[in-house]
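Beneath this line is the structure, given in structure tokens, with notes to follow.
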Amino acid sequence: MIKYNKYIYKKNEIKDPKLRLLINHHAGGSSTTYFNFCNFFPENWDICFLDLPNRGVEFSEDFVRNRDELQSFIKEYLKDFQDAPLALFGHSLGGYISYEIAQLLSSQNEIPLIWLGISATKAPNLIKKEVTLPEYLNSSELLIKWMKDIGGTPDEFFNSSELMNLFLPIIKNDLTLFHNLNNNPVYFEKLKIPISIFSGKIDLKASPSEMSNWKNFTENKFSQNEYEGGHFYFQGNEKILVDSILNNLNKLSHFH
């Protein structure tokens, strides 16, 4: 992988890309989960991945735990994205991050944003506000149970105290950001770009019916894509998801 900057990676150096797709990872995850996606996209697309701080080899003090910190982070690391149409895709926490990026870029009107793809993430809660953090963020034992319930984490992780000591603080930090974005909403204008959503049919955290509320967040086209499986429905099945992303993007007038 090649670095754009401290926190954004890409597979290849693309000159004059037809499109740039920025992929945002789930809570506790990183770009490495999504690198295989590159194998299925057109070669003239610039596929890149944003990592939140303090994972991989980059440990820093750039914590991102709330909307203000996230917006500062976005402004710093996405400022050079003006040379190609930009599409956003995010899974779980990455869905919220992609939405926040879309809102920020739409208000600035400097980067040509064309599409938002959101996977396994319920739309932000615009009414109910929960100030206190969920119990599982104050207890490692409850957090581990929560992770096992949601699936997607290999057993090797739970059997290794070294891995848990390393990654549980990162996961807690990411889930704190997730909670703060969901439960401290701000009023945004509806987006003017299409939104496509992607969900597992038996996802206990974001069912297809719950995710359908994203249709109220855009003035443009809305499409819903469902797959067999739970929260991490695409694991081992990346091509089916990428084909759906391609299908949605190829419908846009920008490519004709």
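Note that this is a predicted model, so its numbers are computed, not measured. Residues take their numbers from the sequence shown, with the count starting at 1.
- Note: Asn24 CG to Ser98 OG = 4.0 Å, rounded to the nearest 0.5 Å.
- Taking the six-membered ring for Trp and thresholds of 30 and 60 degrees, Phe234 and His91 have ring planes more than 60 degrees apart, a perpendicular arrangement.
- With no hydrogens or angles considered, a side-chain donor-acceptor pair links Ser244 and Tyr227 at under 3.5 Å.
- For the pair Pro53 and Lys6, the minimum side-chain heavy-atom distance is 4.5 Å or more.
- In terms of heavy-atom proximity, Asp83 sits nearest to Arg20 at OD1-NH1, 2.7 Å.
- Within a 6.0 Å sphere centred on CG of Asp155, other residues, nucleotides and ligands contribute 12 heavy atoms or fewer.
- Between Leu143 and Leu175 the shortest side-chain heavy-atom distance falls below 4.5 Å.
- No side-chain donor-acceptor contact under 3.5 Å links Asn247 to the backbone of Asp243.
- With a 4.5 Å cut-off on side-chain heavy atoms, Glu110 and Leu105 do not count as touching.
- Checked against the 6.0 Å centroid threshold, Tyr34 and Phe49 do not count as a close aromatic pair.
- The backbone N or O of Ser161 lies less than 3.5 Å from a partner atom in the side chain of Asn165, making a donor-acceptor pair.
- Without hydrogens or angle criteria, Asn5 side chain to Tyr77 main chain gives a donor-acceptor distance under 3.5 Å.
- Between the side chains of Glu100 and Tyr96, no donor-acceptor pair is found at a separation under 3.5 Å.
- Rounding to the nearest 0.5 Å gives a distance of 8.5 Å between CZ of Arg65 and OG1 of Thr176.
- Taking 4.5 Å as the limit, every side-chain heavy atom of Phe73 sits out of range of all side-chain heavy atoms of Ile101.
- In this structure, a donor-acceptor pair under 3.5 Å is present between the side chains of Asp51 and Ser31.
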request  = Would you check, one step at a time, whether the test side chain to side chain contact (heavy atoms under 4.5 Å, CB included) holds for Leu104 with Leu78?
outcome  = CA-CA 11 Å; Leu104 185 62; Leu78 267 64; over 6 Å; no
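- Note that SG of Cys38 and CD1 of Ile23 are 6.5 Å apart. Values are rounded to the nearest 0.5 Å.
- At a threshold of 4.5 Å between non-hydrogen side-chain atoms, the residues Val242 and Asn36 do not count as touching.
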request  = Could you give me the CA-CA distance, side-chain angles and deciding distance for Lys221 and Lys251, then say whether side chain to side chain contact (heavy atoms under 4.5 Å, CB included) is met?
outcome  = CA-CA 11 Å; Lys221 293 179 180 177; Lys251 290 177 181 176; 5.9 Å; no
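- Relative ring orientation between Phe37 and Phe41 is described as tilted, the plane-to-plane angle lying within the 30° to 60° band.
- One N or O on the side chain of Trp214 and one on the backbone of Thr121 form a donor-acceptor pair closer than 3.5 Å.
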query = Would Lys192 and Ser106 count as a side chain to side chain contact (heavy atoms under 4.5 Å, CB included) if you check the C-alpha gap in whole Å, the side-chain angles of each, and the deciding distance to 0.1 Å?
reply = CA-CA 8 Å; Lys192 293 180 170 56; Ser106 296; over 6 Å; no
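- Between Phe35 and Tyr9, the ring planes are perpendicular. Angles over 60° get that label, and only those under 30° would be called parallel.
- Residues Ile97 and Leu52 have side chains in contact (heavy-atom distance under 4.5 Å, counting atoms from C-beta outward).
- Taken to the nearest 0.5 Å, the CH2 atom of Trp146 stands 8.5 Å off from the OG1 atom of Thr153.
- Pairs engaging residues 131-148 under the salt bridge (Lys or Arg N to Asp or Glu O under 4.0 Å) rule: Lys145-Asp149 [sequence neighbours left out].
- One finds the CZ atom of Phe158 at 7.0 Å from the CD1 atom of Ile144 (value rounded to the nearest 0.5 Å).
- Closest approach of Cys48 to Ile8, counting heavy atoms only: CB-CG2, 4.1 Å.
- Judged purely by atom type and a 3.5 angstrom limit, Asn12 has no side-chain atom pairing as donor or acceptor with the backbone of Ile14.
- Of the possible donor and acceptor atoms, none in the side chain of Ser160 sits under 3.5 Å from a partner among the backbone N and O of Glu156.
- A 4.5 Å side-chain heavy-atom check between Ile111 and Gln82 finds at least one atom pair inside the cut-off.
- Two residues are said to be in side-chain contact when any heavy atoms from C-beta on lie closer than 4.5 Å; Leu191 and Phe217 fail this criterion.
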Verdict with reasoning, Tyr136 to Met147, per side chain to side chain contact (heavy atoms under 4.5 Å, CB included) = CA-CA 10 Å; Tyr136 59 77; Met147 292 173 65; over 6 Å; no
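- Between Leu93 and Ala27, the closest heavy-atom pair is CB-N, 3.6 Å.
- Residues Ser119 and Met211 share a closest heavy-atom pair of C-CE, 4.2 Å.
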Hey, can you pull the donor-acceptor pairs under 3.5 Å for the side chains in residues 195-206, sequence neighbours left out?
from   : atom 1 : to     : atom 2 : distance (Å)
Ser196 : OG     : Trp115 : NE1    : 2.9
Ser196 : OG     : Ser223 : OG     : 2.9
Ser196 : OG     : Asn248 : OD1    : 3.0
Lys201 : NZ     : Glu228 : OE2    : 3.0
Asp203 : OD1    : Lys205 : N      : 2.8
Asp203 : OD1    : Ala206 : N      : 3.3
Asp203 : OD1    : His231 : ND1    : 3.1
Asp203 : OD2    : His231 : ND1    : 2.8

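- The distance from the OG atom of Ser30 to the CD1 atom of Ile170 is 9.0 Å, given to the nearest 0.5 Å.
- For the residue pair Lys11 / Asn39, a side-chain donor-acceptor distance below 3.5 Å is found, with atom types taken as modelled.
- Nearest approach of Asn213 to Ala123, heavy atoms of both residues: ND2-CB, 3.8 Å.
- Counting all heavy atoms, side chain and backbone alike, Gly29 lies closest to Asp174 at N-OD2, 4.3 Å.
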